[in-house]
Amino acid sequence: MSTTTELTDDYLAAGQCVSVVSEAIFDIRPATYGPVPCESRTAVAQVTSRTRTALAPSRVPAAKRPACKDDTDFVLDLGPNLARATGDTALPYGKEAYACLRNLKAPHPGDPGQGGGPMIGVGDCIVRTTTADGKPSARELRCDWTGPNKPQYKIVKKFLSPLLTARGSTPDKCAPSTAYEYSDGARQLCADWLPGAPDGAGAPGLTG
């Protein structure tokens, strides 16, 4: 059990390591993590970056936040994580903060081509999808084609969305030969076609 009872900037700050407090229960409950010294035998991951603790008006999903590096293995929504660790079910609703973590040992699902992690970056492979409102999007898959679904494209470039480019500077763009491009909100991603990849708008069950 965590001895911390309040969500502040000191809770799982950048550089701290975590151990597993309780394992995930399928899709019912995610794993819970608590702070431990990085030299501890129970340490499993390290916080690489963290957002400031703030009031929680938006409830933006952790995977949608742009603060993490592309090699991030997983993201923690710190309010609910602390609530699970302390048994305080009221805790998540007042403040929010998110931590980006990387495993201390392999596997590293956030590494390029591994098909996991919360961020999609250069070297990752994707299948084309669309959002609920019909905009181009993507879902990450393993580049080695060992999963049940096969990727269509490989990300070759990622840059700040033109809408967020500083005034007076020239927005970046994908090369004219780019096979597929889309935005995750904060970043624009350019992808090349994978030779031998399945054709069509997306693999079965991966659209939307």
Side-chain angles (χ1 to χ4, degrees), residues 1-124 126 138-140 142 155 158-161 164 184-187 189:
M1 298 289 285
S2 173
T3 57
T4 301
T5 59
E6 182 181 357
L7 182 58
T8 67
D9 286 342
D10 294 330
Y11 177 63
L12 296 188
Q16 292 186 12
C17 290
V18 300
S19 64
V20 178
V21 175
S22 61
E23 298 285 351
I25 302 177
F26 301 104
D27 293 331
I28 301 174
R29 187 183 71 185
T32 302
Y33 298 86
V36 293
C38 290
E39 60 271 20
S40 170
R41 291 184 300 172
T42 63
V44 296
Q46 186 172 32
V47 178
T48 57
S49 63
R50 184 194 190 279
T51 63
R52 295 286 301 273
T53 303
L55 296 179
S58 62
R59 309 306 303 164
V60 177
K64 298 296 185 182
R65 301 183 71 91
C68 296
K69 296 180 180 179
D70 287 344
D71 65 356
T72 298
D73 287 326
F74 64 100
V75 173
L76 275 183
D77 189 343
L78 295 182
N81 182 79
L82 181 56
R84 292 191 301 271
T86 60
D88 185 355
T89 57
L91 187 61
Y93 303 106
K95 297 180 180 179
E96 68 178 0
Y98 299 88
C100 313
L101 293 100
R102 183 164 171 84
N103 295 331
L104 293 176
K105 298 180 180 179
H108 293 289
D111 281 353
Q114 296 304 302
M119 315 302 291
I120 297 178
V122 174
D124 285 329
I126 61 169
R139 184 165 299 181
E140 185 179 356
R142 291 183 64 90
I155 303 297
K158 182 177 181 180
F159 54 90
L160 192 66
S161 173
L164 300 178
D184 65 3
R187 300 289 187 272
L189 295 98

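Position 1 is the first residue of the sequence; numbering continues from there. Values below: all heavy atoms of this structure, side chains included; hydrogens, waters and symmetry mates excluded.
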Hey, does the side chain of D73 reach the backbone of G110 with a donor-acceptor pair shorter than 3.5 angstrom?
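Indeed, once roles are kept as given, a pair shorter than 3.5 Å links the two residues.
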
So, Q46 side chain and Q16 main chain: donor-acceptor pair closer than 3.5 Å or not?
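Looks like no, no N/O pair under 3.5 Å.
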
With sequence neighbours excluded, what pairs up with P112 under the side-chain contact (heavy atoms from CB on, under 4.5 Å) test?
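If we apply the side-chain contact (heavy atoms from CB on, under 4.5 Å) test to P112, skipping adjacent residues, the hits are D124.
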
Could you pull out all residues at least two apart from T8 that satisfy side-chain contact (heavy atoms from CB on, under 4.5 Å)?
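In terms of side-chain contact (heavy atoms from CB on, under 4.5 Å), with neighbours along the sequence ignored, T8 is linked to E6, D10.
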
[X] vs [Y] side-chain heavy atoms within contact, under 4.5 Å:
X	Y	result
N103	V44	no
L78	L7	yes
R187	L160	yes
Y98	D77	yes
R142	Q114	yes
D184	I120	no
M119	K69	no

Sort and list the pairs that fulfil ring pair (Phe, Tyr, Trp, His ring centres under 6.0 Å) and have at least one residue in residues 37-56, not counting sequence neighbours.
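Residue pairs passing ring pair (Phe, Tyr, Trp, His ring centres under 6.0 Å), neighbours aside: none found.
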
Can you list everything that forms a side chain to side chain donor-acceptor pair (under 3.5 Å) with [X]? Sequence neighbours excluded, please.
X	value
R52	D9
S161	none
D71	none

To the closest 0.5 Å, what do you measure between [atom1] ([X]) and [atom2] ([Y])?
X	Y	atom1	atom2	value
E39	C17	CD	SG	8.0 Å
C100	D70	SG	CG	11.0 Å
Y11	L76	OH	CG	7.5 Å

For [X] and [Y], work out which heavy atoms get closest and say how close.
X	Y	result
V47	A13	CB-O, 3.5 Å
T51	A97	OG1-CA, 3.4 Å
A14	T48	CB-O, 4.2 Å
C38	A43	O-CB, 3.9 Å

Which pairs of donor and acceptor atoms, one on a side chain in residues 29-37, lie under 3.5 Å apart (sequence neighbours left out)?
unit_1, atom_1, unit_2, atom_2, d
T32, OG1, S22, OG, 3.2
T32, OG1, R84, NE, 2.9

